[in-house]
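These figures come from a predicted structure and were not determined experimentally.
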Amino acid sequence: MDAMECVHQYPFGVLQREGCPLRGRWRQDVFHNDNPIILELGCGKGEYTVGLARRFPDRNYIGIDIKGARMWTGAKQATQEGLGNAAFLRTDIELLDHFFTPGEVDEIWITFPDPQMKKARKRLTGTRFMELYRNVLAPHGAINLKTDSPFLYTYTSAMIQENGLPLEADLPDLYAQGDEGPLREIKTYYEQQWLDRGLTIKYLRWLLPPDTPLVEPDIDIPPDTYRSFSRGQLQMGL
C-alpha cells in the first residue's frame, strides 16, 4: 500500500498534530485538474471507484475504507491501469472533515454498507452522517445508495421523505427497473453474491441542501431476517 502513489493513509496521531496536507488540495496535488471529486464510502475492494474512474475520466474518484487488505485490490487495479483519476484514502469515515474542506466534495457513493439495524447513529445514511457529509459536500451535493437491504432502503427512504430532501432516483429493484449503464454494469463483490441468491438490489439518489434541519424518522421497520444467517445459508428471494 505504501508503494502505491494512489493510496493515502495517515496515522491518527499525525492528523491530530499536523492535519492532512491534502485537505483542500486534492485537485491540485493529487489529480492535477479542477474536475469534480466523488467519494465512495466504505469502498471495500474499490469496484465502484475503479469502475467509475474508467468510465468518466473527467471526474476524480476517491475510495475510502479503513481496511487496507480490501482496498489493496482496487488500488492495484488503478495502478496497473494508470487511472490518474482514481485514488484511495485509508481512514475512518467519521474523520472525513479531517481530509476535505467544506465544498471540496461534489458527490458521495455508499455501496452496500452494513445496515446497522440496531444503531441508527451508525447508519451511513442516518442524519448523524448526513450532517458529517454536509461538512465536505458542495451545496446540494448528491448522495447515491446501492443496497441489498430492505431495512436500509426503507429507513433511508423514510429519512429522505421526513426531511424533505430532493429525491432524484428511487429504484426498489434496480435490475428490473434501471437503464443500462454504470449502475448495472459495475457490481461489487457482495452485490454479485446477493444477485446470485435472488436478492433484489435497491438504489436511491438524493440531494443534500446545506441548511435543512434534519430529524430521524419515527418508523418501525422489519429487520432483514437473512442477515442472521451465514453467507452459505442466505435465504432465497428476500
Side-chain angles (χ1 to χ4, degrees), residues 38-55 61 63-78 86 88 93 107-126 129 142-161 167-206 217 219-238:
I38 295 95
L39 307 183
E40 183 191 5
L41 304 182
C43 69
K45 295 176 182 290
E47 293 97 334
Y48 256 82
T49 298
V50 173
L52 290 171
R54 288 179 184 139
R55 287 163 174 77
Y61 294 90
I64 299 177
D65 207 303
I66 194 63
K67 297 184 178 180
R70 294 180 185 175
M71 185 185 296
W72 176 86
T73 300
K76 182 179 179 181
Q77 288 180 327
F88 291 86
I93 293 170
E107 189 172 341
I108 288 174
W109 280 83
I110 306 171
T111 52
F112 300 92
D114 186 327
Q116 297 290 348
M117 290 182 284
K118 295 183 179 180
K119 296 182 179 179
R121 67 184 304 275
K122 289 190 174 183
R123 291 174 203 149
L124 293 186
T125 60
F129 276 93
I143 300 176
N144 304 271
L145 170 70
K146 282 186 78 175
T147 181
D148 62 284
S149 167
F151 177 94
L152 187 62
Y153 169 76
T154 302
Y155 165 80
T156 306
S157 297
M159 186 279 297
I160 292 169
Q161 182 176 5
L167 181 64
E168 292 198 334
D170 182 355
L171 300 175
D173 188 348
L174 172 62
Y175 290 90
Q177 301 169 271
D179 297 329
E180 294 295 334
L183 275 177
R184 297 177 66 171
E185 293 170 0
I186 305 172
K187 296 181 179 68
T188 71
Y189 173 79
Y190 289 108
E191 180 175 3
Q192 189 59 60
Q193 284 194 350
W194 306 136
L195 287 171
D196 291 343
R197 291 171 171 86
L199 300 174
T200 58
I201 304 302
K202 301 106 173 50
Y203 172 72
L204 290 166
R205 176 183 171 91
W206 68 98
I219 182 174
D220 292 324
I221 308 173
D224 296 337
T225 56
Y226 70 89
R227 289 277 176 174
S228 63
F229 293 85
S230 68
R231 289 182 188 151
Q233 297 172 305
L234 289 177
Q235 293 177 330
M236 295 291 291
L238 294 178

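Smallest separation of non-hydrogen atoms from Trp206 and Thr125: CH2-CG2, 4.0 Å. Scanning both residues, Lys187 and Leu195, for their nearest heavy atoms gives CE-CD1, 3.7 Å. Across all non-hydrogen atoms, the minimal contact from Cys43 to Gly63 is SG-C, 3.6 Å. Tyr203 approaches Ala169 most closely through the heavy-atom pair CE2-CB, 3.7 Å. Contact between Lys202 and Tyr153 at its shortest, heavy atoms only, is CB-CD1, 3.6 Å. Contact record, Pro222 with Phe151: O-CD1, 3.6 Å, taken as the closest heavy-atom pair.
A distance of 10.5 Å separates CG of Asp196 from CD of Glu191, quoted to the nearest 0.5 Å. In this structure, Asp65 CG and Ile93 CD1 are separated by 7.0 Å, a value rounded to the nearest 0.5 Å. With values rounded to the nearest 0.5 angstrom, Thr200 atom OG1 is found 5.0 Å from Asp173 atom CG. The CZ atom of Arg70 sits 13.5 Å away from atom CZ of Phe88, with the distance rounded to the nearest 0.5 Å. Here the CZ-CD distance, from Arg54 to Glu185, works out to 11.5 Å after rounding to the nearest 0.5 Å. Atom CG of Asp220 and atom OG1 of Thr154 lie 12.0 Å apart (nearest 0.5 Å).
Residues Ile201 and Trp194 are in side-chain contact: their nearest non-hydrogen atoms beyond the backbone lie under 4.5 Å apart. The shortest side-chain heavy-atom distance between Leu41 and Phe129 does not fall under the 4.5 Å cut-off.
Put simply, the residue from Leu152, Leu204, Leu124 that forms a side chain to side chain contact (heavy atoms under 4.5 Å, CB included) with Ile110 is Leu124. With Thr156 as the partner, the side chain to side chain contact (heavy atoms under 4.5 Å, CB included) test is satisfied by one option alone out of Leu145, Thr147, Asp170: Leu145.
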Check your understanding: Going through the checks in order, is the side chain to side chain contact (heavy atoms under 4.5 Å, CB included) test met by Met159 and Arg123?
Key -> CA-CA 11 Å; Met159 186 279 297; Arg123 291 174 203 149; over 6 Å; no
**Study point:** From CA spacing to verdict: side chain to side chain contact (heavy atoms under 4.5 Å, CB included), Phe112, Gln193
**Key:** CA-CA 11 Å; Phe112 300 92; Gln193 284 194 350; over 6 Å; no
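Lys146 has no carboxylate O lying under 4.0 Å from a charged side-chain N of Glu40, or vice versa, which leaves the two without a salt bridge.
Of the possible polar contacts, one joining the Glu47 side chain to the Tyr189 backbone as a donor-acceptor pair under 3.5 Å is found.
The local environment of CD in Gln161 is sparse, with at most 12 non-hydrogen atoms from other residues, nucleotides or ligands closer than 6.0 Å.
A donor atom on one side chain and an acceptor atom on the other are found under 3.5 Å apart for Ser149 and Asp224.
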